[in-house]
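Just below is one structure, and these are the notes that go with it.
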Amino acid sequence: MRRREFISLLGGALAACTVTARAQQAGKIPRVAFLGPDLTVPPQVSYYEAFRSQLEKHGFREGQNLIIEFRATDDPRGPFVGAAELLRTQPDLVVAAGPEVALQAVIGASGHIPIVMFAVNFDPIERGYIPSLAQPGGNITGVVVRPVELARKQIDLLRQAFPDRNRVAVIYDQLTTDQFTAANEAAKALNLQVQAIKLEIPLYDFAGAFQAAANGGAQLAIVLSSPAFSKHSELLASLAIRYRLPTMFTFKHYVVAGGLMSYGVEFPLLWRRTADYVARILKGAKPAELPIEQPTKFELVVNLKTAKALSLTIPNGILLAADEVIE
């Protein structure tokens, strides 16, 4: 049976058994199982706080009338172990946040339990988890970020900022393979030569990746949005400066840490929207009836201090288009 057919069957089961029926049993406190990024990493902590604060606006306060059990997708034991532990707690709802592996880890054993995904780095339609964004059907809904599209724009912005440079290194890993494909295609369409640098063996050798880029004659670099990279934002920003490579990132916190440019989504807003889905389902809505959202706001951030350190001049067009310029 194909995944999409399997999910359709789950939708039928969901119609017969809603969260409301489970969570409103006499005195029962709703329980949410959350599989997501490591909460010891500073930017992730702020994102999770945005999620929790939005739940409070809907009347759900963790530790009072809501229980949240959390496991990290990058648990050394693997995400499937953490997911199995979460599902043994018999949650009323599951949140799967991050790359495809988060959803993969919970979907097989979740049965009819509603899943709110915050999907990053993969297309859930293309992968067969849902039939469409407008009508997800089944037991899955939530928010989808398609960095594949972001990768194309990031390459375009690099080209606009540095039109006299034509060799770009793309640093990625297994979780961002789809992004790499999009970035590679976009770069070739703009007559850029691509140097693919895939990191495969944890702990990743970021210094070696930038050294390889420099040795290969790269004039530009783009670091794709793997969650395994996020906790190393300061290191990656400093390596880009050390090897004098104008580098594009996806998340603003890389630029705050010293990176040159980022183009991506406003993540705290999307975490709050994820919380909105959780609250609506806990109050009785069915996932099949909640259209999946995509971000409509994107932000370009430029660090002029880093540009000066690299002896670069950022074109006025880029500065005028930037949502934030760090000086």
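Along the sequence shown, the residues carry numbers beginning at 1.
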Side chain to side chain donor-acceptor pair (under 3.5 Å) between Ser230 and His253, intermediate numbers included: CA-CA 9 Å; Ser230 189; His253 69 265; 3.2 Å; yes
Is a donor from one side chain sitting under 3.5 angstrom from an acceptor on the other, for Tyr129 and Glu100? yes
With the 4.5 Å side-chain cut-off for hydrophobic clustering, are Phe80 and Phe122 part of the same group? no
Look at the rings of Phe229 and Phe206 and say which category their plane angle falls in: under 30° parallel, 30 to 60° tilted, over 60° perpendicular. perpendicular
Check whether Ile125 and Val101 end up in the same hydrophobic cluster, where Ile, Leu, Val, Met, Phe, Trp and Tyr are linked by side-chain heavy atoms less than 4.5 Å apart. no
With heavy-atom distances below 4.5 Å as the criterion, would you say the side chains of Pro287 and Val116 are in contact? no
To the nearest 0.5 Å, how far apart are OG1 in Thr141 and OH in Tyr277? 4.5 Å
Any side-chain heavy-atom pair of Pro315 and Gln160 under 4.5 Å: no
Backbone of Glu85 reached by a side-chain donor or acceptor of Thr89 within 3.5 Å: no
Step by step, would you call Val106 with Leu86 a side-chain contact (heavy atoms from CB on, under 4.5 Å)? CA-CA 9 Å; Val106 301; Leu86 288 173; 5.6 Å; no
More than 12 heavy atoms from other groups under 6.0 Å of CD on Gln135: no
Quick one: do Lys305 and Glu327 satisfy salt bridge (Lys or Arg N to Asp or Glu O under 4.0 Å)? Show the steps, please. CA-CA 6 Å; Lys305 183 178 178 181; Glu327 299 189 63; over 6 Å; no
Is any side-chain heavy atom of Leu312 less than 4.5 Å from a side-chain heavy atom of Leu260? yes
Heavy-atom donor-acceptor pair, Arg273 side chain to Pro268 backbone, under 3.5 Å: no
For Ser311 and Arg244, the nearest pair of non-hydrogen atoms, with its separation, is OG-NH2, 3.6 Å
Path from Leu300 to Leu304 over hydrophobic side-chain contacts below 4.5 Å: yes
Rounded distance (nearest 0.5 Å) linking atom CG of Leu39 with atom CZ of Arg71: 11.5 Å
Side chains of Asp276 and Gln54: is there a donor and an acceptor less than 3.5 Å apart? yes
Is it possible for you to say whether Leu150 and Leu224 belong to one hydrophobic cluster, with membership spreading through side-chain heavy-atom contacts below 4.5 Å? yes
Could you state the interatomic distance from OG1 (Thr73) to CZ (Phe34), rounded to the nearest 0.5 Å? 9.5 Å
Apply the test side-chain contact (heavy atoms from CB on, under 4.5 Å) to residues Ser238 and Ile241: give CA-CA distance (whole Å), side-chain angles for both, the deciding distance (0.1 Å), then the verdict. CA-CA 5 Å; Ser238 67; Ile241 293 174; 5.7 Å; no
Mind checking whether Trp271 and Leu269 have side chains closer than 4.5 Å, heavy atoms only? no
Correct closest heavy-atom pair for Asn121 and Ser226 would be ND2-CA, 4.2 Å
Between Gly59 and Asn65, the two heavy atoms sitting closest are O-ND2, 2.7 Å
Between Arg159 and Leu192, is any pair of side-chain heavy atoms under 4.5 Å apart? yes
Compare every heavy atom of Ala213 with every heavy atom of Leu245, then report the nearest pair and how far apart it is. CD1-CB, 3.9 Å
Do the rings of Phe267 and Tyr47 sit parallel, tilted or perpendicular, given the 30° and 60° boundaries? tilted
Would Lys28 and Asp92 pass as an ion pair if we require N to O under 4.0 Å? yes
State which residues pass side chain to side chain donor-acceptor pair (under 3.5 Å) with Gln211; sequence neighbours excluded, sorted by chain then number. Asn215, Tyr243
Glu62, CD: over 12 other non-hydrogen atoms inside 6.0 angstrom: yes
Applying side chain to side chain donor-acceptor pair (under 3.5 Å) to Asp178 and not counting sequence neighbours gives Arg127
Is a salt bridge present between Lys231 and Asp74, judged by a nitrogen-to-oxygen distance below 4.0 Å? yes
Under 3.5 Å, side chain of Asn139 to main-chain N/O of Ile113, donor-acceptor pair present? yes
Would you say Tyr263 ends up clustered with Leu310 if hydrophobic residues are merged whenever their side chains have heavy atoms under 4.5 Å apart, either directly or through other cluster members? yes
Neighbour count above 12 (heavy atom, 6.0 Å) for Arg280 CZ: no
Could you work out, with ring-ring contact (aromatic ring centres under 6.0 Å, His included) as the rule, every residue matching Tyr172, not counting sequence neighbours? Phe180
As a quick check of understanding, evaluate side-chain contact (heavy atoms from CB on, under 4.5 Å) for Val301 and Asp323, giving each step before the final call. CA-CA 6 Å; Val301 184; Asp323 298 274; 5.5 Å; no
Are Val94 and Leu35 side-chain neighbours, meaning at least one heavy-atom pair lies under 4.5 Å? no
Write down the atom of Pro136, the atom of Pro291, and the distance for their closest heavy-atom approach. CD-CA, 4.2 Å
Measure the shortest side-chain to side-chain distance between Thr247 and Ile222 over non-hydrogen atoms and say whether it is less than 4.5 angstrom. no
Test side-chain contact (heavy atoms from CB on, under 4.5 Å) on Leu157 and Lys153; report intermediate values, then the result. CA-CA 6 Å; Leu157 286 167; Lys153 182 63 175 179; 4.1 Å; yes
Nearest-0.5 Å distance that lies between atom CE in Met117 and atom CD1 in Ile107: 9.0 Å
For the residue pair Tyr48 and Phe51, does the interplanar ring angle fall in the parallel (under 30°), tilted (30 to 60°) or perpendicular (over 60°) class? parallel
Output the distance between atom CE (Met261) and atom CG (Asn303), rounded to the nearest 0.5 Å. 11.0 Å
So do the side chains of Val144 and Pro124 get within less than 4.5 Å of each other, counting heavy atoms only? yes
Should Arg272 and Glu49 count as an ion pair when the cut-off is N to O under 4.0 Å? no
Keeping the roles fixed (side chain from Gln195, backbone from Ala212), state whether a donor-acceptor pair exists under 3.5 Å. yes
Does NZ in Lys198 sit with more than 12 non-hydrogen atoms of other residues, nucleotides or ligands closer than 6.0 Å? yes
Might you point out which heavy atoms bring Pro246 and Gln219 nearest each other, and give the distance in Å? CD-O, 3.3 Å
CD-OG1 distance between Gln174 and Thr177, expressed to the nearest 0.5 angstrom: 4.0 Å
Do Glu69 side-chain atoms and Arg31 backbone N/O form a donor-acceptor pair below 3.5 Å? no
